[in-house]
There are 2 protein chains.
Amino acid sequence: MTRPVRLLLADDHPVVRAGLRAVLETEPDLEVVAEAATAEQAVALAAELDVDVVLMDLRFGAGMNGAQATAAITARPDAPRVLVVTTYDTDADTLPAIEAGATGYLLKDAPPEELAAAVRTAAAGRTTLAPTVADRLVNRLRTPGTALTRRETEVLVLVAEGLSNQRIGERLHLTLATVKSHLVHIYAKLGVDSRTAAVAAAVELGIIRRQ
Amino acid sequence: MTRPVRLLLADDHPVVRAGLRAVLETEPDLEVVAEAATAEQAVALAAELDVDVVLMDLRFGAGMNGAQATAAITARPDAPRVLVVTTYDTDADTLPAIEAGATGYLLKDAPPEELAAAVRTAAAGRTTLAPTVADRLVNRLRTPGTALTRRETEVLVLVAEGLSNQRIGERLHLTLATVKSHLVHIYAKLGVDSRTAAVAAAVELGIIRRQ
DNA sequence: CCCGGCATCAATCGAAAGGTGGAGACGTCG
DNA sequence: CGACGTCTCCACCTTTCGATTGATGCCGGG
């Protein structure tokens, strides 16, 4: 018999850690070797212990977030795989996590069998994505025109802060006409027709960060 | 020895249900008698089974939300207590849940002992609030002018979706004049002077939920 | 019972924002 | 080189917003 897959659970909710542990320890080939309540702790434990897969939440109460921790973990040589298990499936969450090197991305509403299967897949170095996340990635590749330019993003951020076009122009050293021109392009790319709708879309797409 | 406290777990995440079960069943005086994966199911089971406390999540993937389910459960005679256990601690979540009749409000990052203690407190009909929720309620009482009314919140949500005042009026069966009137009050309460700034402020205050 | 808060509606007016259709300058890349 | 995308700017016109002022009906607490 081969060695069991050694797991590290990283989540700031004790209840979720207990749930993951309960679900995964019913599988004889999986073994939970440690738990981390913060992202920093997860990075430290991943470096220190011999684990195969880290189950990583994305949001922690304070400090480093899950994507940053994922990047820190996967940057080391001989790093364990990171399987993101979270409640959030927006662009703002998924894309940075995958860019940071996550081997898989599951939502917490996944049934236990799927979770165990994803852990084994991750241990083997292959990717499991939740269907909604997979859809998102495919769409991202299919519609490259969606990306905003640097300048457009700058304008959109200021729009989201509630500034008028005039003020935005002053802030970026542009004329009112230029700001409007950028906005027209932004609306077209985001498929909206007003500044408030653009802000809503931007928040949804993770272009704008907050909280 | 008295009868154990009989519990119903309502959460759409299997992992969270497993975690709550694992944490609570280590307590000899607590007994999990059923689990519900949807709010509707929770209402049905609460009516049908003899349970003392329902542990209720607030957000379910589709259909009824936790606050609505809480209202439905507590509306019946001889209803069990409802203890809300969730990840979200914004005004938009806590206030409706408490209004709906929740006996307590805990966050999922609560340590297991605190969770068990809150369940016993709820079974006895007394209230346990997470510190952040308690703070919020106190602040709410101290600064009543800041709170948006129900109608104002409805308008603001539609503003955040990018609708024009005209469209908002159609959606809520109001005239344009009424919508504008609500907006004036919203701006005054939030200390802003444009719809986009209002959306930004609302996002920051947690009045508006994205995704 | 009266006051205040809430929700509803109205008219007006100036200031923004949005739609359309341009144009020039610059850098990249095949 | 020429095509393309980006960033910058302009004019004209329509629509929408926001500010102001004022009014009505309803309800609940002091």
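So that the names make sense, note that chain A is the first sequence line, chain B the second, and so on, each numbered from 1.
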Every protein N/O lying under 3.5 Å from an N/O of nucleotides 12-22 of chain C:
from, atom 1, to, atom 2, distance (Å)
C/dA17, OP1, A/N165, N, 3.2
C/dA17, OP2, A/N165, N, 3.0
C/dG18, OP1, A/Y187, OH, 3.0
C/dG18, OP1, A/R195, N, 2.8
C/dG18, OP2, A/Y187, OH, 2.9
C/dG18, OP2, A/R195, NH1, 3.1
C/dG18, N7, A/K180, NZ, 3.0
C/dG18, O6, A/K180, NZ, 2.7

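Within 4.0 Å (heavy atoms only), A/H182 reaches at least one base atom of the nucleic acid.
For B/R171, the side-chain contact (heavy atoms from CB on, under 4.5 Å) test picks out B/L158, B/E161, B/L163, with sequence neighbours left out.
Rounded to a whole Å, the CG atom of B/L172 is 15 Å from the C1' atom of C/dC6. Atom CD1 in B/I186 sits roughly 12 Å away from atom P in C/dC6 (whole-Å rounding). In this structure, B/H185 places its NE2 atom 14 Å from P of D/dG18, rounding to the nearest Å. The nearest whole Å value for the distance from the CD1 atom in B/I168 to the C1' atom in C/dT8 is 16 Å. In this structure, B/L156 places its CG atom 12 Å from P of D/dG18, rounding to the nearest Å. Taking atom CZ on B/R150 and atom C1' on C/dA7, their separation rounds to 11 Å, with Å as the unit. Between B/E152 atom CD and C/dA7 atom C1' there is a gap of 9 Å when expressed in whole angstrom units.
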Practice task
Check step by step if side chain to side chain donor-acceptor pair (under 3.5 Å) holds for B/T178 and B/S181.
Solution key: CA-CA 5 Å; B/T178 307; B/S181 173; over 6 Å; no

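The structure places CG of B/D11 at 12.0 Å from CZ of B/R59, a figure rounded to the nearest 0.5 Å.
Listed by first and then second residue, the salt bridge (charged side-chain N to carboxylate O under 4.0 Å, His left out) pairs involving residues 120-134 of chain A are A/E27-A/R120, A/D29-A/R120 (not counting sequence neighbours).
Counting only distance, with no hydrogens or angles, the side chain of A/H173 and the backbone of A/G169 share no donor-acceptor pair below 3.5 Å. A distance-only check finds no donor-acceptor pair linking the side chain of A/E114 to the backbone of A/P111 [under 3.5 Å]. Not a single donor-acceptor pair under 3.5 Å links the side chain of B/Y105 to the backbone N or O of B/T128.
You'll find that the side chain of B/A177 is closest to C/dA10, out of C/dA10, D/dT8, D/dT6.
Overall bending of the helix from C/dC1-D/dG30 to C/dG30-D/dC1, expressed as the angle between end axes built from five pairs apiece, is 40° (10° steps).
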Table please: side-chain donor-acceptor pairs of residues 80-87 of chain B below 3.5 Å, with sequence neighbours left out.
from, atom 1, to, atom 2, distance (Å)
B/T86, OG1, B/D57, OD1, 3.2

For residues 38-56 of chain B, run the donor-acceptor check on the side chains, cut-off 3.5 Å, and write out each pair with its distance to 0.1 Å, sequence neighbours left out.
from, atom 1, to, atom 2, distance (Å)
B/T38, OG1, B/Q41, N, 3.0
B/E40, OE2, B/M64, N, 2.9
B/Q41, OE1, B/A37, N, 3.1
B/D50, OD2, B/R3, NH1, 2.8
B/D52, OD1, B/R3, NH2, 2.7
B/D52, OD2, B/R3, NH2, 3.0
B/D52, OD2, B/R6, N, 2.7

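The phosphate of C/dT8 has neither OP1 nor OP2 within less than 4.0 Å of any side-chain N or O from B/T178.
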